[in-house]
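What follows is a single structure, written as structure tokens, with notes after it.
Since the structure is predicted, the reported quantities are computational estimates derived from the model, not experimental observations. Throughout, numbering of the chain's residues begins at 1 and tracks the sequence.
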Amino acid sequence: LRRAGLSTARRVCAVRSSSENTRDPYIVDHIKAPTQEELEEELGYNKKYMDFTDEYSKHKQRIDFGQYSRAQVASDSFVAPCATLAGKVEVWHHASIWYRVTIKAEHKVVRIGYSTNIQDGTIIEEVPEELGPDHDGSVMIGNYVTVGHNCYLRACTIEDNCLIGMGSVLSAGSYVEHGSILGAHSVLRPFQRIPHGQVWVGNPARYLRDVTDEELVRIEKGATNYYLASLEHSDSIYLDPPMELYREAREKGYCVGYVDDTGIIASLKKIRDSLRTKLFPDATSAKE
């Protein structure tokens, strides 16, 4: 009887609600779904000028993992502003790390040799575990090496005067000996080795021919040209007048930037006070 009474009451409520032109709260057919244009308008995507609330970029070029796991970059090398060096990365003299390059070395070492260039979009990373008795998982890249665009290098070794074509993949444990060339979009399988002075191509990579003397000269010359190009890019980064003054001050030998060593700060203060005494003796005596 109770169930019958409840059902009757529900029917009466339903008839009453329909007569009063009201909707059941559990019926959602009256809710209008927003269109894509309305969502973009609400989020501000289709505005002519984007309204960013954060005016500072969160990108950090060098990421340290403790005192003994930080990047070491030579003073005359080039690292693009949008590149990322994480961990124990060594960048030797005249080397160049170009735009959107990511190098990760949280556990082992990634070494970029003298006058070696890592071109745009390449990813280099080590592995935390040892790959064998003579391989601890680090990445070693020698001198005068050119690594093309969008390559992926993982716990591999590349000796001096080598050319890695764009889009290539070097798997863990792979090895490229001195004066060799790996063709574009080729893949070296784990622990695969290219002997000295050979050209390999394909997926998986296979022997094609020997490297000519002209190609060896071209590899070293190309690496040198990339170093010269990095100098132009380094100068072009300082676009605003304050940054231009900063660059000129560094060229003239002035100490510019942040110093956290208390000893250096104390010596700089002594130099500052002595210069003030020489330049403005009247002001110094009046102050005393």
Side-chain angles (χ1 to χ4, degrees), residues 44-45 49-66 69-127 138-141 144-156 158 163-170 184-185 222-251 256-258:
Y45 289 160
Y49 300 101
M50 299 293 287
D51 183 16
F52 294 103
T53 58
D54 192 355
E55 58 179 328
Y56 299 104
S57 174
K58 295 297 188 297
H59 174 262
K60 189 175 181 181
Q61 188 187 71
R62 305 182 191 182
I63 302 175
D64 300 336
F65 295 96
S69 182
R70 60 181 59 181
Q72 298 179 355
V73 181
S75 58
D76 55 353
S77 62
F78 170 74
V79 179
C82 56
T84 303
L85 308 180
K88 295 183 287 186
V89 181
E90 298 179 4
V91 181
W92 287 17
H93 297 277
H94 292 194
S96 55
I97 310 298
W98 293 89
Y99 304 97
R100 297 183 297 105
V101 171
T102 302
I103 303 178
K104 298 188 293 182
E106 297 93 336
H107 307 282
K108 303 299 171 60
V109 179
V110 174
R111 178 175 298 163
I112 310 299
Y114 178 87
S115 195
T116 289
N117 60 91
I118 310 298
Q119 298 177 13
D120 309 54
T122 294
I123 299 175
I124 303 175
E125 61 180 1
E126 40 76 45
V127 294
S138 299
V139 177
M140 295 294 166
I141 302 178
Y144 293 100
V145 175
T146 296
V147 179
H149 299 71
N150 299 318
C151 293
Y152 178 70
L153 281 62
R154 179 179 174 85
C156 59
I158 304 174
L163 172 62
I164 307 300
M166 63 177 63
S168 298
V169 177
L170 277 71
H185 303 286
T224 304
N225 291 336
Y226 264 95
Y227 166 66
L228 299 177
S230 69
L231 295 179
E232 298 180 1
H233 282 256
S234 181
D235 291 339
S236 300
I237 289 174
Y238 303 96
L239 300 177
D240 297 330
M243 301 304 294
E244 184 69 20
L245 296 175
Y246 176 87
R247 183 176 66 86
E248 291 179 0
R250 291 187 59 183
E251 290 179 352
V256 181
Y258 175 74

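Residue M166 holds its CE atom at 11.0 Å from OG1 of T146, rounded to the nearest 0.5 Å. The CD atom of Q119 sits 11.0 Å away from atom CD1 of I97, with the distance rounded to the nearest 0.5 Å. How far OG1 of T116 is from CD1 of I141: 7.0 Å, rounded to the nearest 0.5 Å.
Every residue was checked against the side chain to side chain donor-acceptor pair (under 3.5 Å) condition with S77, not counting sequence neighbours, and none meets it. In this structure Y99 satisfies the ring-ring contact (aromatic ring centres under 6.0 Å, His included) test together with H233, sequence neighbours excluded. S69 is linked by a side chain to side chain donor-acceptor pair (under 3.5 Å) to nothing, counting only residues two or more places apart in sequence or in another chain. Applying the side chain to side chain donor-acceptor pair (under 3.5 Å) rule to R154 yields the partners E125; only residues at least two apart in sequence or on another chain are considered. H107 is linked by a side chain to side chain donor-acceptor pair (under 3.5 Å) to nothing, counting only residues two or more places apart in sequence or in another chain. Residues passing the ring-ring contact (aromatic ring centres under 6.0 Å, His included) test with Y227 are H94, sequence neighbours excluded.
At least one side-chain heavy atom of I124 sits less than 4.5 Å from a side-chain heavy atom of I118. A heavy-atom distance below 4.5 Å is found between the side chains of V91 and L85. At a threshold of 4.5 Å between non-hydrogen side-chain atoms, the residues Y144 and T224 count as touching. Between V89 and Q72 there is no side-chain heavy-atom pair separated by less than 4.5 Å.
The minimum heavy-atom distance between G167 and C151, with the atom names listed, is N-SG, 3.6 Å. When all heavy atoms are compared, the tightest approach of A155 to V127 is CB-CG2, 3.7 Å. Looking at every heavy atom in both residues, I112 comes nearest to A95 through CG2-CB, 4.2 Å.
Residue L153 forms a side chain to side chain contact (heavy atoms under 4.5 Å, CB included) with just one option from I158, I123, V110, and that option is I158.
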Start with the C-alpha distance between W98 and H149, add both sets of side-chain angles, then the distance that settles side-chain contact (heavy atoms from CB on, under 4.5 Å), and finish with yes or no.
CA-CA 9 Å; W98 293 89; H149 299 71; over 6 Å; no
Please report the C-alpha distance between I103 and T84 in whole Å, then the side-chain angles of each, then the deciding distance to 0.1 Å, and finally whether the side-chain contact (heavy atoms from CB on, under 4.5 Å) criterion is met.
CA-CA 6 Å; I103 303 178; T84 303; over 6 Å; no
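Looking only at atom types and distance, the side chain of S96 has no donor-acceptor partner in the side chain of N117 under 3.5 Å away.
Between the side chain of E126 and the backbone N or O of V139, no donor-acceptor pair lies under 3.5 Å. Between the side chain of Q61 and the backbone N or O of A80 there is at least one donor-acceptor pair closer than 3.5 Å. A donor-acceptor pair is defined here as one N or O able to donate and one able to accept, closer than 3.5 Å; such a pair exists between the side chain of T122 and the backbone of G148.
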